Amino acid sequence: MRLFDPHIHMTSRTTDDYQSMYAVGVRALVEPAFWLGQPRTGVGSFTDYFDSLIGWERFRAGQYGIRHHCTIALNPKEANDPRCTPVLELLPRYLAKDGVVAVGEIGYDSMTPAEDEAFGRQLALAVEHGLPALVHTPHRDKLAGTRRTLDVVAESGLAPDRVLVDHLNELTVRPVAESGCWMGFSIYPDTKMDPDRMVALLRQYGLDRVLVNSAADWGHSDPLNTYRTGQAMLAAGFTDDQVRTVLWENPVAFYGQSGRLVLDELPGFSPAADTFAGNSVLRGGRAG
Ligand SMILES: [Zn+2]
């Protein structure tokens with residue numbers, strides 16, 4: 001099984017996670033820019049973080065045989081903090097970089113006027129830079145939030161097939177399916193979507209424009225949930241080809257619209273002498 005996790009926050013994960021992901025077949029991923037749990041107090045915190053997404057984390061993933069890409073944005077939650085919003089001015093510089101495959105995560109957290117403003121401006125940036133957009137849907141008031149999201153997207157001038165609306169469930173999938181946008185599902189360990197509910201949705205809605213991700217981060221989450229969904233699909237009678245469509249070809253088709261995916265094979269982890277800005281992923285010296 002060759003897998004592409006289209007939404008995972010590796011900055012919050014360990015090298016053990018990279019090793020287990022490689023072992024089950026993950027060969028590529030997209031890491032969306034998001035908040036850190038701890039509120040940021042200024043723009044410098046964003047730029048160091050963005051630099052690490054296009055630099056250190058890409059290098060670290062490569063050491064474990066996984067192709068790393070990212071999306072760049074001011075996240076919906078911090079769009080409400082005036083200490084953070086000036087980062088909007090700096091986004092164009094990052095949207096021009098290799099490895100940046102979309103504007104995201106953007107969208108709504110609490111549906112405030114400040115979020116409206118940041119969402120609209122960042123959809124315009126996606127149009128301007130010829131990039132797709134990754135849109136987060138709120139975890140509260142989900143259906144209203146999703147409908148409003150789709151209205152804003154429709155007004156933005158960004159074509160629906162360049163928009164991925166993420167964190168969907170049984171309640172919110174239909175309007176997104178009808179909109180022509182791509183549908184993203186995050187598979188969490190015990191709440192929200194799980195692999196079996198995902199399989200039921202694939203039966204009902206088909207495989208077109210559907211992406212499945214682990215959305216693993218610093219919270220309770222599981223970086224192997226793309227793999228577990230693939231296993232659940234096979235157990236439910238889907239073919240290897242169908243698993244490949246959902247867990248490899250669909251993310252490649254969506255993020256490939258950036259023209260920036262790099263998908264050729266990397267060797268698995270070998271304790272090579274590579275370093276990034278003088279740092280390797282190893283601790284201290286190496287025997288032999
Ligand atoms: Zn996320």
Side-chain angles (χ1 to χ4, degrees), residues 3-14 17-18 21 26 28-40 45-46 49-50 52-54 57-58 61 66 68-81 84 87 91 94 99-111 115 118-119 122-123 126 131-140 142 145-146 149 153 163-169 172 176 181-194 198 210-226 229 247 250-251 254-255 258:
L3 304 168
F4 188 134
D5 192 333
H7 187 147
I8 184 165
H9 301 286
M10 292 311 299
T11 301
S12 317
R13 310 300 308 192
T14 64
D17 290 328
Y18 273 126
M21 288 162 66
V26 178
L29 59 82
V30 169
E31 173 157 9
F34 81 148
W35 66 300
L36 298 174
Q38 178 70 31
R40 291 180 171 95
S45 167
F46 281 94
Y49 172 66
F50 294 160
S52 87
L53 292 183
I54 58 181
E57 203 57 47
R58 189 171 167 86
I66 297 177
H68 182 285
H69 312 84
C70 68
T71 74
I72 294 286
L74 168 61
N75 62 82
K77 200 174 178 74
E78 288 179 317
N80 294 299
D81 189 334
C84 297
V87 75
L91 295 180
Y94 286 96
V100 177
V101 294
V103 176
E105 306 178 45
I106 53 176
Y108 288 118
D109 179 54
S110 313
M111 294 193 275
E115 291 170 27
F119 189 15
Q122 294 185 97
L123 286 168
L131 287 171
L134 167 62
V135 180
H136 163 102
T137 50
H139 296 297
R140 299 172 299 264
K142 219 168 168 50
T146 303
T149 297
V153 165
V163 178
L164 167 57
V165 183
D166 212 344
H167 312 311
L168 300 178
N169 61 21
T172 53
V176 181
C181 293
W182 291 71
M183 294 159 268
F185 296 88
S186 302
I187 311 302
Y188 296 100
D190 27 52
T191 51
K192 308 172 194 168
M193 294 301 301
D194 65 27
M198 189 63 233
V210 172
L211 272 68
V212 175
N213 61 70
S214 70
D217 59 12
W218 30 249
H220 185 39
S221 49
D222 184 343
L224 303 189
N225 269 350
T226 49
T229 302
L247 296 174
N250 286 357
F254 179 74
Y255 284 114
S258 66

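In each ligand, atom 1 is the first atom listed, and ligand 1 is the first ligand listed. The figures here come from the full heavy-atom set of this structure, side chains too, leaving out hydrogens, waters and symmetry mates. All of these numbers come straight from a predicted model, not from anything done at the bench.
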**OP:** Please list, chain by chain and in numerical order, all residues satisfying side chain to side chain contact (heavy atoms under 4.5 Å, CB included) with Asp81, sequence neighbours excluded.
**Re:** Arg83, Cys84

Original post:
Can His68 and Glu57 be counted as having a side-chain donor-acceptor contact under 3.5 angstrom?
Top reply: no

Subject >> Under-2.8 Å protein N/O/S neighbours of the Zn ion (ligand 1), ordered by chain then residue number >> reply: His7 NE2, His9 NE2, Glu105 OE2

Subject >> All side chain to side chain contact (heavy atoms under 4.5 Å, CB included) counterparts of Arg13, not counting sequence neighbours >> reply: Met10, Asp17, Ala216, Ser221, Pro223

Original post:
Strictly by modelled atom types, are Asn213 and Asp166 linked by a side-chain donor-acceptor pair under 3.5 Å?
Top reply: yes

Original post:
Between Glu31 (side chain) and Leu53 (backbone), is there a donor-acceptor pair under 3.5 Å?
Top reply: no

Using distance only, find each side-chain donor-acceptor pair of residues 72-79 under 3.5 Å and give its atom names and separation, not counting sequence neighbours.
from, atom 1, to, atom 2, distance (Å)
Asn75, OD1, Lys77, N, 3.3
Asn75, OD1, Glu78, N, 2.9
Asn75, ND2, Glu78, OE1, 2.9
Glu78, OE1, Arg40, NH1, 2.7
Glu78, OE2, Arg40, N, 3.0

